[in-house]
Structures are given as C-alpha cells and as structure tokens.
Amino acid sequence: MIRSLLNFIFYLPTRLRKIRRLVWSREHCQTFYPEGPHKSRIQILVDLLWWLVRYQEVCRYYYYYGLDCADGRHAREYFADDEFRKIRDRLNATHAGMNPRRDRTGRSAGGEILLRHKLVFGQYLKGLGVPSPEINACGFEGELFWFESGETTGLDELCKRHLDVFIKDCQVDQGVRVFFLQCKDGVLKLEGEVIDPRQVLARTKIESPYILQDRVVQHSQLSEIYAGSVNTVRLITVRSSNAPVPFKAVLRIGAGGSVRDNWSTGGMVVGIDLSSGTLMEYGFQSPEFGRRLTNHPDTNVKFRGRHVPFFEEAKKLACRLHRFIPGVHSVGWDIGITPDGPVFIEGNDEWGVQTIQGPHGGIRRDFMAMAAAVREKRG
C-alpha cells in the first residue's frame with residue numbers, strides 16, 4: 001500500500017502534464033464525436049482527475065471512448081487499462097471451468113502456454129484439426145527446421161523455395177515482430193524490399209525461436225475493404241456458467257499501405273454485430289494515428305451493413321476451441337476469413353480492452369456479470 005502511494009506521488013507531475021495536454025493542447029484534445037454536444041474543458045479536467053485518482057493512470061483514450069460527449073455516457077461503464085489487465089489475469093489465474101486439482105508438487109496445468117507461443121499454438125490447432133495457417137519452418141538463430149521434410153538448413157535455403165509467408169517471433173504480440181517474407185524465382189523480399197537471407201534476422205530483430213507461417217488468402221469481400229493486409233476478426237469468447245460463449249467482436253483492418261491490421265500500428269477496428277455478423281457504422285483508429293471514420297480512408301468503402309463472411313462458423317468454432325484451452329476465462333481470437341471459411345491465426349489470453357470498448361462502448365457491466373456467473377458455479 002505504501003509502495004503504491006509513493007509510486008503514485010513520484011509519477012504525479014508527469015501524469016498531470018499529460019492531463020494538461022489532453023485538456024488544452026489542440027493536438028491531443030481532438031474529439032472522435034464532432035457532432036456534439038460536448039463537455040466544457042473544466043468538466044473534462046474533472047473527469048480526467050477523477051480517473052487519475054480512481055485508477056492511478058491517465059485516461060489516454062478519453063476522447064476515443066467519447067467521454068468528452070455530453071450524451072449521458074459514464075466513465076464508470078469503461079474499464080481502465082491497468083484495472084482490466086488485473087481483473088482479466090486474476091480471472092484466468094482462477095482456472096475457470098477446471099476442477100481445482102493439483103499434482104503432488106502443487107502445480108496445475110492451465111492453458112495459457114497453448115496461446116502464448118505461436119509454434120505451440122499452431123501445432124496444437126493442427127493436431128485438433130482446426131483450420132490454421134500452415135507453419136513451414138521453425139528457426140533457431142541461423143538454422144531452419146522444415147516440418148514437411150524434417151531437414152535442417154541454413155538461411156540460404158530461403159532463396160531456394162517459393163515462399164509467401166510471415167516470419168514471426170514466437171513470443172512477441174501486437175504485430176511488433178511480424179514481417180512479410182516472399183521469395184519468387186530466387187529473389188527474396190522482406191516487406192517488399194530485396195534482401196540477402198543472412199540479413200533477415202538483423203533487419204527484423206527477431207529472436208529465436210521464430211516461425212515461417214503461410215500468409216492467409218482472405219475472402220474477396222474483405223479485400224474489397226482493404227487488400228493490403230489480411231483483415232482479421234478479433235472475437236472474444238468468455239466462459240459462462242456452462243460453456244464458452246461469444247462476447248464481443250471487431251474487424252481489424254489495415255490502412256495506409258501497411259501489411260498489418262494491428263490497431264497499435266496504424267490499423268483500425270470496426271465493431272461487428274454478434275447476431276447478424278454485419279459491420280457497425282464506424283471504424284476507429286488509435287488516437288496516435290487518426291479518428292473515427294465511416295469509410296475506409298484508402299478504398300472509400302463504407303463500413304455499415306457489410307457482412308463478414310463465415311462469421312457464424314467462426315463463432316461456433318471459437319467457442320468449441322475455447323473448451324480445449326483449459327482454465328482460461330477469456331480469449332481474444334484472431335481469425336482470418338478465407339474463401340473456404342475461418343482460419344485461426346492466434347489466440348490471446350492477454351487481449352486488450354481498448355479495441356473492444358471503442359466500437360462497443362463500456363463493457364464493464366457485461367464482462368463482470370459473466371465473471372460472477374463463473375464464480376457462482378465454482379462456489
């Protein structure tokens with residue numbers, strides 16, 4: 001308690017400067033909802049100070065969440081970042097849905113490792129028969145193990161094969177160390193630039209182990225929105241009192257020539273209606289990159305009412321797959337939609353709340369109600 005208080009006091013001047021920028025800096029106080037009406041600057045200042053005292057953090061997403069609007073939405077409906085991380089992790093740590101069995105050493109087997117390591121996740125799904133992008137090889141520094149042949153080769157082998165893959169660090173999330181790698185007619189390209197195979201690791205700063213994973217060929221209806229990236233569905237499933245159920249979903253879309261759809265690297269998120277599988281009206285970019293949009297900035301495609309192909313199949317398969325991830329309360333699935341159906345790219349027990357609360361509004365009440373249902377069943 002004392003350490004927490006000292007930490008709060010130590011960082012208070014920095015946090016107050018950030019709040020000052022959010023209230024008075026033209027660059028930082030741009031609304032996502034220009035149609036108004038809006039709160040006064042004094043009201044905004046009070047809101048941000050309340051958030052700071054209540055959650056010990058600056059509400060970086062104040063305007064993104066629309067909390068500057070005088071339309072009745074309340075900050076208490078929204079999770080703060082650190083608050084949500086603690087609640088999410090605590091719920092996962094209770095091993096929801098599992099009997100509290102432990103072996104003689106006191107350990108128990110939760111399912112987090114199945115999600116956090118990309119090689120483990122891909123091979124696990126392959127064993128379950130769940131559609132996922134093929135993993136061609138696993139790399140350890142300058143060596144590549146090719147699964148199809150069982151060969152171990154050097155990086156020069158990259159120029160001898162036809163490749164259309166992503167090279168991924170097995171343990172880093174949010175698209176930070178994911179790069180498009182392509183080889184055709186002996187010419188190797190990283191992110192579209194010709195490269196010597198021995199320079200790949202130095203250029204990407206990818207650490208061992210890493211994988212080469214096939215690039216998903218997405219459905220034409222998603223390419224119409226933006227063809228530069230594989231636009232994935234982020235679908236949250238949550239364990240209820242009986243079985244995992246769909247909670248919220250968004251479509252993550254790339255922009256600006258990027259091959260990534262990550263919100264944290266310049267992409268956008270559009271809410272998906274769970275019952276109909278259609279996109280909501282607005283797409284949201286991170287405050288660092290843009291604002292709220294009704295059309296894609298590169299293609300001018302309108303979001304509202306566009307149907308996400310195979311969405312029902314994705315929901316059913318995600319809920320079924322969640323049952324094979326023991327003890328994890330909630331999972332954020334990244335699902336590619338191909339011409340033949342959904343393909344599961346990643347599962348995240350450490351999914352972020354920001355990309356969900358922007359399009360869908362505050363999720364506190366619904367999420368905590370589902371958590372209470374699981375606790376009642378265990379109790």
Side-chain angles (χ1 to χ4, degrees), residues 116-123 125-126 132-218 222-223 225-232 252-268 285-286 288-289 296-299 334 336 338 343-346 348:
R116 294 181 184 178
H117 197 282
K118 292 179 174 63
L119 175 61
V120 172
F121 180 75
Q123 298 302 86
L125 265 60
K126 185 176 182 179
S132 62
E134 187 72 21
I135 297 176
N136 296 276
C138 182
F140 303 92
E141 297 179 348
E143 290 188 339
L144 289 167
F145 176 82
W146 299 88
F147 288 100
E148 186 177 14
S149 63
E151 295 179 273
T152 299
T153 70
L155 293 177
D156 288 342
E157 184 71 15
L158 294 173
C159 289
K160 301 175 184 178
R161 297 175 181 248
H162 184 276
L163 296 175
D164 188 18
V165 300
F166 282 105
I167 179 170
K168 300 180 176 182
D169 189 307
C170 282
Q171 300 184 76
V172 177
D173 294 325
Q174 296 183 333
V176 175
R177 293 184 189 168
V178 176
F179 300 88
F180 179 38
L181 192 66
Q182 190 175 37
C183 185
K184 186 176 181 181
D185 299 327
V187 179
L188 184 67
K189 292 183 178 181
L190 179 71
E191 302 280 294
E193 295 184 13
V194 177
I195 189 172
D196 185 286
R198 290 164 293 185
Q199 296 176 336
V200 169
L201 298 184
R203 286 277 296 276
T204 61
K205 298 182 180 179
I206 283 179
E207 299 177 359
S208 298
Y210 54 91
I211 58 173
L212 303 182
Q213 189 173 42
D214 279 352
R215 189 164 68 126
V216 172
V217 178
Q218 70 181 342
L222 297 185
S223 290
I225 302 175
Y226 180 72
S229 68
V230 177
N231 307 311
T232 58
R252 308 191 311 174
I253 308 170
S258 175
V259 298
R260 300 174 182 84
D261 65 348
N262 297 75
W263 189 70
S264 58
T265 59
M268 65 190 66
Q285 294 179 300
S286 169
E288 292 85 353
F289 294 97
H296 193 282
D298 299 325
T299 62
D334 293 341
T338 75
V343 171
F344 282 69
I345 299 172
E346 287 186 13
N348 303 276

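Excluded from the calculations below are hydrogen atoms, water molecules and symmetry mates; all remaining heavy atoms, backbone and side chain alike, are included. Please read these numbers as outputs of a predicted model, since none were measured by experiment.
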Closest approach of [X] to [Y] (non-hydrogen atoms, all atoms of both residues):
X	Y	value
Ala137	Leu144	CB-CD2, 4.5 Å
Cys170	Ile211	SG-CG2, 3.7 Å
Pro133	Gln213	O-NE2, 3.4 Å
Gly122	Ser132	O-OG, 4.0 Å
Leu188	Cys159	CB-SG, 3.9 Å

Would you give the length of the straight line joining atom [atom1] of [X] to atom [atom2] of [Y], rounded to the nearest 0.5 angstrom?
X	Y	atom1	atom2	answer
Phe121	Ile345	CZ	CD1	9.5 Å
Lys126	Phe147	NZ	CZ	8.0 Å
Ile253	Tyr226	CD1	OH	11.0 Å
Asn231	Met268	CG	CE	9.5 Å
His162	Lys184	NE2	NZ	6.0 Å
Phe140	Glu207	CZ	CD	14.0 Å

Is a side-chain donor or acceptor of [X] paired with a backbone partner of [Y] at a separation under 3.5 angstrom?
X	Y	value
Arg260	Val178	yes
Asp261	Thr232	yes
Ser286	Trp263	no
Ser229	Ser258	no
Asp169	Arg177	no
Glu143	Thr152	no

Checklist line | Audit row: Asp164, Phe180, side chain to side chain contact (heavy atoms under 4.5 Å, CB included) steps and yes/no | finding: CA-CA 8 Å; Asp164 188 18; Phe180 179 38; 3.0 Å; yes

Notebook entry, point to check: Thinking salt bridges, do Glu151 and Arg161 make one under a 4.0 Å N-O criterion?
Noted result: yes

Checklist line | Set of side-chain hydrogen bond (donor to acceptor under 3.5 Å, both in side chains) partners for Asp214, sequence neighbours left out | finding: Asn136

Margin query: Using the rule given for side chain to side chain contact (heavy atoms under 4.5 Å, CB included), can you reason through Gln171 versus Arg116, listing the C-alpha separation, both sets of side-chain angles and the distance that settles it, and then say yes or no?
Written below: CA-CA 6 Å; Gln171 300 184 76; Arg116 294 181 184 178; over 6 Å; no

Item checked: Worked verdict on Asp334 versus Arg252 for side chain to side chain contact (heavy atoms under 4.5 Å, CB included) -> CA-CA 9 Å; Asp334 293 341; Arg252 308 191 311 174; 3.3 Å; yes

Checklist line | Glu191, CD: over 12 other non-hydrogen atoms inside 6.0 angstrom | finding: yes

Notebook entry, point to check: Around Glu288, counting heavy atoms of other residues, nucleotides and ligands shown, do more than 12 lie under 6.0 Å from its CD?
Noted result: yes

Output side-chain donor-acceptor pairs under 3.5 Å for residues 193-200, partner residues at least two apart or in another chain, one line each.
from	atom 1	to	atom 2	distance (Å)
Glu193	OE1	Arg203	NH2	3.3
Asp196	OD1	Arg198	N	2.8
Asp196	OD1	Arg198	NE	3.1
Asp196	OD2	Arg198	NH2	3.1

Margin query: Test side chain to side chain contact (heavy atoms under 4.5 Å, CB included) on Leu181 and Thr204; report intermediate values, then the result.
Written below: CA-CA 11 Å; Leu181 192 66; Thr204 61; over 6 Å; no

Next item on the list: Would you check, one step at a time, whether the test side chain to side chain donor-acceptor pair (under 3.5 Å) holds for Ser223 with Gln218?
Entry: CA-CA 7 Å; Ser223 290; Gln218 70 181 342; 3.2 Å; yes

Item checked: Selection residues 197-216 - residue pairs positive for ring pair (Phe, Tyr, Trp, His ring centres under 6.0 Å), sequence neighbours left out -> none

